[in-house]
Amino acid sequence: MTIEEKITQSVLSAINKLYGQQVPEGQIQLQSTKKEFEGDLTLVVFPFLKISKKSPEETANDLGTELLKSEPLISKFNVIKGFLNFSIAHSYWIELLNSIISSENYGITPATDSSPLVMLEYSSPNTNKPLHLGHVRNNLLGYSLCLILEANGNRVVKTNIVNDRGIHICKSMLAWKKFGNGETPESSGKKGDHLVGDYYVRFDQEYKAQIKALTGNGMSEEEAKKQAPLMQEAQEMLLKWEKNDPETVELWKMMNSWVYKGFDETYKRMGVSFDKIYYESQTYLDGKEKVVEGLNKGVFYKREDGSVWADLTSDGLDEKLLLRADGTSVYMTQDIGTAKQRFDEYPIDKMIYVVGNEQNYHFQVLAILLDRLGFSWGKGLVHFSYGMVELPEGKMKSREGTVVDADDLIDEMIVTARETSEELGKLDGLSEEEIANIARTTGMGALKYFILKVDPRKNMTFNPKESIDFNGNTGPFIQYTYARIRSVLRKAAEMQIELPAKLPNDLQISEKESNLIQSVAGFANVVKEAGEQYSPALIANYIYDLVKEYNQFYHDFSILKEENEQLRAFRLLLSESVSKVIKNGVGLLGIDVPERM
RNA sequence: GGUCGGGUAGCUCAGUUGGAUAGAGCAACAGCCUUCUAAGCUGUGGGUCAAGGGUUCGAAUCCCUUCCUGAUCACCA
């Protein structure tokens, strides 16, 4: 039973005693007391004025007096307007700290064999260009959500669906064939995904030139886009691919393998991973099959031209195409096929798709279609929708070269982290390997925290020059606090200070200290809420508040120099518990912590 | 036009099922290192919570209207 639950029960009986009335438990509003007031927990008494028939202050005073008598955990109280602030006995906080210290991973609930199985799809790249900042947001959100769900006792399968087929891939292939002169990642020293991306850009340049030439000869732009030889060739190539033309398939396989190698590197640097990767080239046929099955069951219908549609007007939506007249599949068909494969392979209880908010409509439709096709988790699928990352100049556009490349960004972060460390002279005497590790940890910490601390629904602005900071509400600030605590703990070990497994609960501690225990204890609830709301930002903001509070404590109190040994041990254990929560907390964001920085 | 988001300090963002004087960081200014890591701490200035109305003892938060903004409404993926 938490302290809030205990006090709630006491308040209920106090009200019953004073006013002879039972009030519903939901009426008891207990919240932690705001920093600027004395006390630990606050009861809002406004809801009881009708039964007390007294002023807010009198009501609060009556309740406070009664509770002070009846509830031993309450050591004193004060009243400000309609707010009754309780101070909780020191012994309670010490006991709470004791229980946090003794638990292995406070706040984390491990999964068991009978836990719900959640499958989470994220990343979902195209194989025609390297990953950019938008993908970075997707990957970090997706991976963090997996960790948060696991920490809430779910079995999680991390999946990726790679969009490895379609006209856009053919564009890169065609440009490489025409202009590449056999260039490979090995021959050019370029990362495979970048190499292929360069040919995608090259296609676009040449294509635009052809359009320009055609319109110069008086052709309409629309017509020119269709008639441009390059586009026609690309379309021919797609047809060849679909017909399994050996040469085309060979080229496709080769270039895709370059891209996968490049992606793997970037994923590794971001620290994300997958349990199972699906490829659209292997799922779209299943999608067709499933649509035909739906057609036979009468879930879908066929038009005169042979195309297959779903009628969603009864759900307040439009009609949706599922198969073209020529029998080829569309995006939705592929997602249905992928869903089928997943469902066949795993006993999925819940499916979460981490995909940008431009596809809200798509997933609304997908949920209905899967449900109609009989997937038990279809209706309840979660589209974790997040906003775009924009630059100060506006949206990123890969074809115009205004994207922030993921690899470049990561490099830059790490270099900046290293420069900052060197300027501060923090790493003197450490080995090159240690320095590189710390730079990587703090650089990635800065990037990850920057992206994960904001509400995913919102579009965010990324200013390459200004956005990445290492002071204030940032990853490195949190990591620094961790390193600082670890340093104190190392010194304590050097001084051979022995820490008791359990603190005596008659210790006299300050309100700042008991507040800090309260904040540390709040971690468990934050993890739970982050899991319920699918919100890494909740964890990030909690950890930031905790760290800020700890830094104030650190500044105001001596730890190692405290002469009272019990108090010194208390502060060390308090610091240690903060460090563990920091580590586990940012760990749920995929962020590492350095022992020194 | 329909549907779904978003609008909080100069900038980037928090703000718990409606609760106290709306908070951080950055930027600006002023302090604090012979003392556990100053990537820190403290202070000052900065707000019509887009606007108006409603519900409520109490609204940034809930409801209605309006404005601004983004996404989407493809036989593209």
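None of these values were measured; they are calculated from a predicted model.
- Taking atom P on both nucleotides, B:A20 is separated from B:C49 by 15 Å, rounded to a whole Å.
- A:Phe477 comes within contact range of the sugar-phosphate backbone alone, with a heavy-atom separation under 4.0 Å but no base atom that close.
- No contact: A:Ser385 has no heavy atom under 4.0 Å from any strand.
- A:Lys512 has no carboxylate O lying under 4.0 Å from a charged side-chain N of A:Glu549, or vice versa, which leaves the two without a salt bridge.
- Tested against A:His383, the residues A:Tyr361, A:Phe363, A:Tyr534 include a single ring-ring contact (aromatic ring centres under 6.0 Å, His included) partner, A:Phe363.
- With contacts defined as side-chain heavy-atom distances shorter than 4.5 Å, the pair A:Tyr353/A:Gln359 does not qualify.
- Using N1 to N3 plus N6-O4 or O6-N4 for Watson-Crick, or N1-O2 and O6-N3 for G-U wobble, each under 3.5 Å, B:C29 pairs with B:G43.
- Within the shown strands, B:G2 is the pairing partner of B:U72 under the Watson-Crick or G-U definition, both distances less than 3.5 Å.
- In this structure, A:Phe37 forms an aromatic stack with the base of B:A20, since both conditions hold: centre separation below 5.5 Å and plane angle below 30°.
- Whole-Å rounding puts the A:Tyr449 OH to B:U12 C1' distance at 12 Å.
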Requested in this report: Classify every nucleotide of nucleotides 70-77 of chain B by which part a protein heavy atom approaches to under 4.0 Å, writing B for the base, S for the sugar-phosphate alone and - for neither, in 5'-to-3' order.
Outcome: SSSS-BSB

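- Put simply, A:Tyr554 does not rest on the base of B:G40: the two rings are not both less than 5.5 Å apart at their centres and under 30° in tilt.
- Taking 3.5 Å as the limit, the base of B:A20 and the side chain of A:Asn85 contain a donor-acceptor pair of atoms between them.
- The base of B:A39 is paired with the side chain of A:Ser421 by a donor and an acceptor separated by under 3.5 Å.
- When heavy atoms are screened at a 4.0 angstrom cut-off, A:Phe557 is found touching base atoms of the nucleic acid.
- Distance CG (A:Asp556) to P (B:C41): 11 Å, rounded to an integer number of Å.
- A donor-acceptor distance shorter than 3.5 angstrom exists from the side chain of A:Thr333 to the backbone of A:Val330, with no hydrogens or angles considered.
- Using a 4.0 Å heavy-atom criterion, one finds that A:Lys426 contacts the bases of the nucleic acid, with or without backbone contacts as well.
- With B:A14, B:A39, B:A38 as the choices, the nucleotide that has an atom nearest any side-chain atom of A:Asn541 turns out to be B:A14.
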